[in-house]
There are 2 protein chains.
Amino acid sequence: MASRSTAKKEALTPHLVLERFLPYRLNVLASLTSNALAQIYADRFGLSIPAWRVVATLGQYDVRTARDIAAHGVMHKSTVSRAVSSLEERGLIARRPNEDDRREELLALTPAGRGIYESLAPQALSFEEQLASVLTAQEQELLGSLIDKLSRHARSLTHEGEGEP
Amino acid sequence: MASRSTAKKEALTPHLVLERFLPYRLNVLASLTSNALAQIYADRFGLSIPAWRVVATLGQYDVRTARDIAAHGVMHKSTVSRAVSSLEERGLIARRPNEDDRREELLALTPAGRGIYESLAPQALSFEEQLASVLTAQEQELLGSLIDKLSRHARSLTHEGEGEP
DNA sequence: TCTTATTGGTTGCATGAGCAACGGTTTCTG
DNA sequence: CAGAAACCGTTGCTCATGCAACCAATAAGA
């Protein structure tokens with residue numbers, strides 16, 4: 001896969017090279033890290049990605065509604081709903097109707113759930129650290145800002161034409 | 001969501017803040033770009049992500065086996081298999097057994113398939129350009145190298161203990 | 001050569017995610 | 001105050017995806 005010296009007809013078609021294509025590379029990297037991380041929270045705690053995000057969000061904010069979590073984790077509300085149900089069944093989170101607005105429910109970790117979070121969070125952080133250890137502190141900072149810039153821009157591209165209905 | 005000034009009990013638990021967590025940010029960004037890009041090749045050409053990757057790979061390399069494509073696109077062979085079947089049904093790619101080794105099949109775009117590729121590739125590239133346009137040329141270069149470093153490292157973390165069985 | 005191990009690719013199965021339609025609740029408007 | 005509209009969350013449906021078992025073909029070893 002190294003050389004690729006014989007030119008052939010590549011000049012005819014526009015020069016789309018998958019390995020250099022940004023969205024593709026981002027996806028590959030995201031998959032790699034997701035899968036590696038999943039080995040921690042799936043294998044060790046039986047959490048799916050959505051479930052992990054719910055736990056992480058509640059660990060961080062104590063009490064949130066499902067809607068908040070969905071927005072925060074960029075997930076569909078149905079995805080969150082199912083993750084919440086399964087977490088509740090396993091006794092990791094508790095739901096309590098909001099008396100002020102009974103459409104929504106306030107979610108929070110149970111002690112058991114918080115136990116998992118507190119055991120999981122350091123492992124997640126150490127994984128992140130290990131992952132980022134190939135970059136200097138400066139590079140890490142920079143990467144962060146580049147990701148943020150791109151994310152903001154991508155969001156604006158997607159929601160481009162979305163005024164009032 | 002802006003301030004977050006009240007400290008509360010955040011100090012007790014390890015400081016895992018989802019919005020700052022690298023794997024999470026990578027996933028969000030990858031999803032955003034994937035979805036935006038999918039609007040091009042899904043809405044306009046009815047291609048799934050795997051299908052799009054197959055087409056892109058074949059557009060780039062003319063003739064490859066399914067195995068090559070899987071490795072190249074970081075996909076499961078079953079995923080590739082199904083994408084290939086569907087593309088073949090739609091007359092976009094052709095398969096021909098390799099006479100030298102009849103286990104494998106050589107895949108290539110049909111004229112119709114190449115037509116799609118040639119119409120799609122420039123749009124994909126222009127999307128990429130538009131996406132990356134918030135970054136300077138330098139930043140783009142840098143981002144690329146950071147992604148590569150991280151990807152290599154993540155791969156090495158995953159395949160860490162994988163010697164001989 | 002005959003047996004055994006590997007390899008490329010397909011398929012059945014179970015899981016997970018998105019969409020859309022729905023029920024129950026609150027808010028807006030006439 | 002009544003009806004319409006918006007909103008939160010759930011659920012049925014469909015489809016995509018990963019895994020593992022499997023078939024066919026080749027390579028390796030006795």
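Below, read A as the first sequence line, B as the second, and so on, with proteins coming before strands; counting in each chain starts at 1.
Residue A:L143 comes nearest to A:L135 through the heavy atom pair CD2-CD1, 4.0 Å, listed as atom of the first residue, atom of the second, then distance.
Listed by residue number, there are no residues of residues 21-30 of chain B with a heavy-atom contact under 4.0 Å to DNA chain C.
Salt bridge absent: B:R96 and B:E105 never bring a charged side-chain N and a carboxylate O closer than 4.0 Å. Residues A:R67 and A:E104 are not paired through a salt bridge, judged by the lack of any N-O separation under 4.0 Å between the basic side chain and the carboxylate.
Atom CG in A:L87 sits roughly 12 Å away from atom P in C:dG16 (whole-Å rounding). Put simply, CD on A:E105 is 12 Å from P on C:dT25, counting in whole angstrom units. Rounded to an integer number of Å, the gap from CD1 of B:I49 to P of D:dT17 is 7 Å. For A:R67 and C:dT26, the CZ to P distance is 17 Å, given to the nearest whole Å. With rounding to whole Å, B:W52 atom CH2 is found 18 Å from D:dA16 atom P. B:R96 places its CZ atom 18 Å from the P atom of C:dG8, with the value rounded to the nearest Å.
Residues B:Q123 and B:R44 bring a donor and an acceptor atom of their side chains to less than 3.5 Å of each other.
Under the 3.5 Å distance criterion, the side-chain polar atoms of B:S81 are left unmatched by any main-chain donor or acceptor of B:K77. Judged by distance alone, with hydrogens and angles left aside, the side-chain atoms of A:H153 form a donor-acceptor pair with the main-chain N or O of B:Q130 at under 3.5 Å. A:Q140 contributes a side-chain N or O that, together with a main-chain N or O of A:A132, makes up a donor-acceptor pair within less than 3.5 Å.
Taking the six-membered ring for Trp and thresholds of 30 and 60 degrees, B:H72 and A:Y24 have nearly parallel ring planes, at less than 30 degrees apart.
Contact check, A:R53 against C:dA17: no side-chain N or O comes under 4.0 Å of OP1 or OP2. Not one side-chain nitrogen or oxygen of B:R64 sits closer than 4.0 Å to the OP1 or OP2 atom of C:dG8.
Comparing A:V74 and B:L106 by the nucleotide of DNA chain C that holds the closest heavy atom to each, the one mapping nearer the 5' end is B:L106.
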Derivation of the side-chain hydrogen bond (donor to acceptor under 3.5 Å, both in side chains) call for B:D68 and B:T65: CA-CA 5 Å; B:D68 293 335; B:T65 71; 3.2 Å; yes
Per-nucleotide protein contact string for nucleotides 18-28 of chain D, where B marks a base within reach and S marks sugar-phosphate only (heavy atoms under 4.0 Å, - for neither): BB-----BS--
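B:T65 comes within 4.0 angstrom of the backbone, heavy atoms only, and of no base.
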